[in-house]
Amino acid sequence: MDLTGKVAIVTGSGRGLGHAYAKALAEAGAAVVVNDVDQGAADRAVQDIVAAGGQAASVVAPVGSSETADALVAKAVEEFGRLDVMVTNAGILRDTVLWKMSDDDFDAVTNVHLRGTFTCARAAAVQMRSQGTGGRLILISSPAGQRGNFGQGNYSAAKAGIVAMARTWAMELARAEVTVNAVVPVAATEMTKTIPAFAPVIEESERTGAPLPDWVRKDEGMGTPEDVASLIVFLASDASADVTGQAIGIGGDKLALWSHPQEKATDYTDGGWSADAIARSWTTGVGAEPESYGIPMPAGTEA
């Protein structure tokens, strides 16, 4: 993939998945605006890219506000002349169960993930439409947004909303030739280390430098941040010009297309449904095969 001449912004790219995305885009030829709340992390990310022969600049600011979104786009235009790709990756966690979750726990997570995706995508769309040469919005979601996850009501809601926005904005920006897709990554990160089933194998891989075992890479679809970065490069490229409105999963050796919600079963009754009629027909009608929920855990472990 050759991204020479393209300019990308990657939010939350001082470390982890975002850092891998920024490095991969730069290696493919794109100039990259790095973003992080940590000045040191942002500086190191820029230095890594420049040392490898790439072009990079940084904006140190928390994602969420319109001011940060506008500053990111302004930096891209001032430093590199345009904007072609916006990757909304920045995020935080405030995990706890519903009855213990505070207003701040909920608001902080949705502000960065959901509002931050909105403000950054909006600022990018304005710039891309004014340029008149198309563009790419790559919105980072999560399996938690597709399936739900215990203790992550705030995070799951935000990540589900991101996929819904991708579908909507794909329609709204089609005439401007701006594609919009959601990426559903699964990678060995600081967050996945907290999952008991994965922690030992991730730590062993990091200690020895050995690759993750096949059951992790294939059965669980989990690999390194660099595995995920390949999809970001593809979606930023001209090769993905016809790919829009999709939720695409990647991790380890696995690439997947997530389905969109749709009616699974239907039933009808003349004059409409009473509560009693629903109760009588539920187990043999639309409720005969209820949907599962929650992220499946590896075989032999508890969810």
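Residue indices begin at 1 and follow the sequence shown.
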Do [X] and [Y] touch side chain to side chain, with heavy atoms closer than 4.5 Å?
X	Y	answer
Asn181	Ile138	no
Ile295	Phe150	no
Leu83	Gln131	yes
Thr11	Leu72	yes

| message | Show me the pairs that pass ring pair (Phe, Tyr, Trp, His ring centres under 6.0 Å) and involve residues 256-287, at least two apart or across chains. | response | none

| said: Per the ring pair (Phe, Tyr, Trp, His ring centres under 6.0 Å) rule, what does the pair list look like for residues 101-122, sequence neighbours excluded? | reply: His113-Tyr155

Any donor-acceptor N or O pair under 3.5 Å, side chains [X], [Y]:
X	Y	answer
Asp36	His19	no
Arg82	Thr133	yes
Ser102	Arg94	no
Ser274	Asp276	no
Ser292	Arg147	yes

| request: Can you spot which of Leu137, Ile9, Leu25 makes a side chain to side chain contact (heavy atoms under 4.5 Å, CB included) with Val87? | output: Leu25

| task | Quick one: closest heavy-atom pair of Ser156 and Asn149, and the distance? | result | OG-N, 3.5 Å

| query | Closest heavy-atom contact between Ala90 and Gly12? | reply | CB-N, 3.7 Å

| message | If we ignore hydrogens and angles and just use 3.5 Å, is the side chain of Ser65 paired with the main-chain N or O of Thr68 as donor and acceptor? | response | yes

| request: Check the pair Ser58 / Val33 against side chain to side chain contact (heavy atoms under 4.5 Å, CB included), numbers first and verdict last. | output: CA-CA 5 Å; Ser58 67; Val33 175; over 6 Å; no

Sequence neighbours excluded and cut-off under 3.5 Å, please list the side-chain donor-acceptor pairs for residues 249-257, or say none.
from: Asp253; atom 1: OD1; to: Arg217; atom 2: NE; distance (Å): 3.1
from: Asp253; atom 1: OD1; to: Arg217; atom 2: NH2; distance (Å): 2.8
from: Asp253; atom 1: OD2; to: Lys218; atom 2: NZ; distance (Å): 2.9

| message | Walk me through whether Glu78 and Lys75 qualify under salt bridge (charged side-chain N to carboxylate O under 4.0 Å, His left out). | response | CA-CA 5 Å; Glu78 290 166 7; Lys75 176 62 90 171; 5.3 Å; no

